[in-house]
2 protein chains.
Amino acid sequence: MFRRPPAARPRTRAPRDPSRTRGALLQAAARRIHEAGFQATDLDAILAEAGVTKGALYHHFAGKDALGYAIVDEVLADLTREKWLRPLAEADDPIQALIAIVRNSPLDPDAIRCGCPVNNLAQEMSPVNGAFRERIARLLDAWIRGIADALARGRRRGFVRSDVSPDDAATYFVALYEGYVSLAKGVQDARLLASGQAQMVRYLESLRPASPRGHGRGARQAG
Amino acid sequence: MFRRPPAARPRTRAPRDPSRTRGALLQAAARRIHEAGFQATDLDAILAEAGVTKGALYHHFAGKDALGYAIVDEVLADLTREKWLRPLAEADDPIQALIAIVRNSPLDPDAIRCGCPVNNLAQEMSPVNGAFRERIARLLDAWIRGIADALARGRRRGFVRSDVSPDDAATYFVALYEGYVSLAKGVQDARLLASGQAQMVRYLESLRPASPRGHGRGARQAG
DNA sequence: CCTGCGACATACTAATCAGTATGTTCAGGC
DNA sequence: GCCTGAACATACTGATTAGTATGTCGCAGG
């Protein structure tokens, strides 16, 4: 036997970084849960993908449920903020911003297969777990409210018809979006979601004032 | 020890009726799965609710998966037929029929909590099980096609605007419906679904010809 | 340089649950 | 009346998997 060097483990085994470990755990868990669902995802798969062991998981989280709660509160909340709330908050014209988001939504097979992570978790966990239900409800509410607020601001600025209810329109749009994503996942057909995007754009454009006639940017027909 | 009478078991233990047993199994399983999901439902709960034992289940079905397939092909297909396809096939005016279905959809807490059984199973099982995926896709396709066919017939008879695409409108409507049901389940609020029903009715009415002006039944404003 | 605690790793436990093996009952054909 | 197979019932097995117990490592403070 050779005398093994003091650091026998893989070279420079990455200096301790608790917050990085915690983040890797959250990201890995979110990925697997997005693909297979919360209950069907076993901890070992998460640990393998995160590259840590069970000790690390139970050091950072009280259990599988707590990990799930953190995913809702942190990962999914961040995704929602980055994809929806921030672009809407920064845009002048909410309709234009929403259309851009819809058009940029992915249509690749993985996206079709996995659907919307928020909706997935909501459908699976809301009926059976009160803690999940509350957190998911908060998240969905923030999502809808963010759109509603943007529509209300846009209405004041003349980008949105004055007879649309921001709350109703925001809820309607989110329902339509989630519905198309769910349907495309159910029938496993990207074309359905592609046509759905076109329909969503049509709906959004129907919220515009009839004919502002020279409101600066000419609403040119998108190809 | 007393000599026990020949029939010691509960009185008249119901004569053997295989198809009834099979049906009880299917109904019990469908109920539990609707409430808790397929993977989270354990066989013992199904057996308890059906009032039979594991031997009966494995006599009628090859396993848990086969039971799930049968639920899609039989229970959910029947539900879809009875709630959507038959009323649509029997109605002259598809829009009126769809509005009636929407208005009659339940709003009680259980319905809000559990959502749509078809969509639930689709979201849970489509990404992880090919056999489920195919069956669910067939079911969703039949549902959408049934609405599309009814809209096409209604268009020929003047009940539907001639510039609407039956396929697109049917898909749009189903997405909207599933989306509202999912959202209401996610935020656990019946009011959201109630307002959603009103919005769905609005959409359906927007499919009517501009002003048929005396088409027999006057389209009176619903209260 | 030692020490104590945070940050992990490893090995084990315990419970759940789908599936199976085997036994029992019933109903109809002969 | 018996006999065979369908229609169940019961008890068990095996595998998966969340959670735990315990050990080790490394950095910070004294």
Side-chain angles (χ1 to χ4, degrees), chain A residues 4-29 32-33 36-71 124-125 128-129 131-132, chain B residues 4-29 32-33 36-71 124-125 128-129 131-132:
Chain A
R4 43 182 141 112
R9 308 294 184 74
R11 57 296 289 298
T12 48
R13 43 167 295 147
R16 295 232 162 151
D17 188 342
S19 76
R20 202 175 124 80
T21 301
R22 203 186 112 98
L25 239 13
L26 280 174
Q27 289 301 323
R32 305 303 294 241
I33 290 171
F38 178 77
Q39 307 183 90
T41 298
D42 59 316
L43 295 182
D44 288 334
I46 295 172
L47 298 174
E49 183 157 332
V52 298
T53 62
K54 203 165 278 190
L57 197 159
Y58 279 91
H59 176 72
H60 287 284
F61 301 98
K64 193 186 181 187
D65 283 359
L67 178 61
Y69 304 155
I71 288 177
E124 180 184 3
M125 301 308 294
V128 295
N129 184 309
F132 266 109
Chain B
R4 43 180 140 114
R9 309 295 184 72
R11 53 303 283 303
T12 48
R13 44 170 294 149
R16 292 227 162 153
D17 189 343
S19 76
R20 203 176 123 81
T21 300
R22 202 186 113 99
L25 239 11
L26 280 174
Q27 290 301 323
R32 303 305 292 241
I33 290 171
F38 178 76
Q39 307 184 91
T41 298
D42 60 316
L43 294 181
D44 288 335
I46 295 172
L47 298 174
E49 182 157 334
V52 299
T53 62
K54 203 166 278 192
L57 195 159
Y58 278 90
H59 176 74
H60 287 285
F61 302 98
K64 194 186 182 188
D65 283 359
L67 178 62
Y69 304 155
I71 288 177
E124 181 184 3
M125 300 308 293
V128 295
N129 184 308
F132 265 110

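Throughout, a chain's letter reflects where its sequence line sits, starting with A, and its residues are numbered from 1. Below, each value reflects all heavy atoms present in this structure, side chains not excepted, and no hydrogens, waters or symmetry copies.
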[X] versus [Y]: any side-chain heavy-atom pair under 4.5 Å?
{"X": "B:Phe38", "Y": "B:Leu67", "result": "no"}
{"X": "B:Met125", "Y": "B:Val128", "result": "yes"}
{"X": "A:Ile71", "Y": "A:Phe132", "result": "no"}
{"X": "B:Gln27", "Y": "B:Glu49", "result": "no"}

Length of the line joining [X]:[atom1] and [N]:[atom2], which is rounded to integer Å:
{"X": "B:Leu43", "N": "D:dT10", "atom1": "CG", "atom2": "C1'", "result": "16 Å"}
{"X": "B:Arg20", "N": "D:dA7", "atom1": "CZ", "atom2": "P", "result": "16 Å"}
{"X": "A:Ile46", "N": "D:dT17", "atom1": "CD1", "atom2": "P", "result": "11 Å"}
{"X": "A:Leu57", "N": "C:dT10", "atom1": "CG", "atom2": "P", "result": "15 Å"}
{"X": "A:Leu47", "N": "C:dC8", "atom1": "CG", "atom2": "P", "result": "13 Å"}
{"X": "A:Gln39", "N": "D:dG19", "atom1": "CD", "atom2": "C1'", "result": "17 Å"}
{"X": "B:Phe61", "N": "D:dC8", "atom1": "CZ", "atom2": "P", "result": "11 Å"}
{"X": "A:Asp44", "N": "C:dA11", "atom1": "CG", "atom2": "C1'", "result": "13 Å"}

Do any N or O atoms of the protein come closer than 3.5 Å to N or O atoms of nucleotides 21-23 of chain D, and which pairs are they?
none

Checklist entry - At under 4.0 Å between heavy atoms, what does B:Ser19 touch on the DNA or RNA strands: base, sugar-phosphate, or nothing? => result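 Contact class for B:Ser19: none.
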
Mind listing the closest non-hydrogen atom pair of [X] and [Y] along with its distance?
{"X": "A:Tyr58", "Y": "A:Gly63", "result": "CE2-CA, 3.8 Å"}
{"X": "B:Leu57", "Y": "B:Leu25", "result": "CA-CD2, 3.8 Å"}
{"X": "A:Ala50", "Y": "A:Ala24", "result": "CB-O, 3.8 Å"}
{"X": "B:Ala66", "Y": "B:Ala62", "result": "CB-N, 3.8 Å"}

Next on the checklist: Side chain of B:Val52, heavy atoms from C-beta onward: which of D:dA18, D:dA9, C:dA9 has the nearest atom to it?
Outcome noted: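 Within the option list, the nearest is D:dA9.
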
Checklist entry - Okay, side chain of A:Lys54, backbone of A:Leu43: is any donor-acceptor separation there less than 3.5 Å? => result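 Checking the backbone N and O of A:Leu43 against the side chain of A:Lys54, no donor-acceptor pair under 3.5 Å is found.
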
Could you write out each protein N or O paired with an N or O of nucleotides 4-7 of chain C at a distance under 3.5 Å?
residue, atom, partner, partner atom, Å
C:dG6, N2, A:Arg16, NH1, 2.9
C:dA7, OP2, A:His59, NE2, 3.0
C:dA7, O4', A:Arg16, NH1, 3.3
C:dA7, N3, A:Arg16, NH1, 3.2

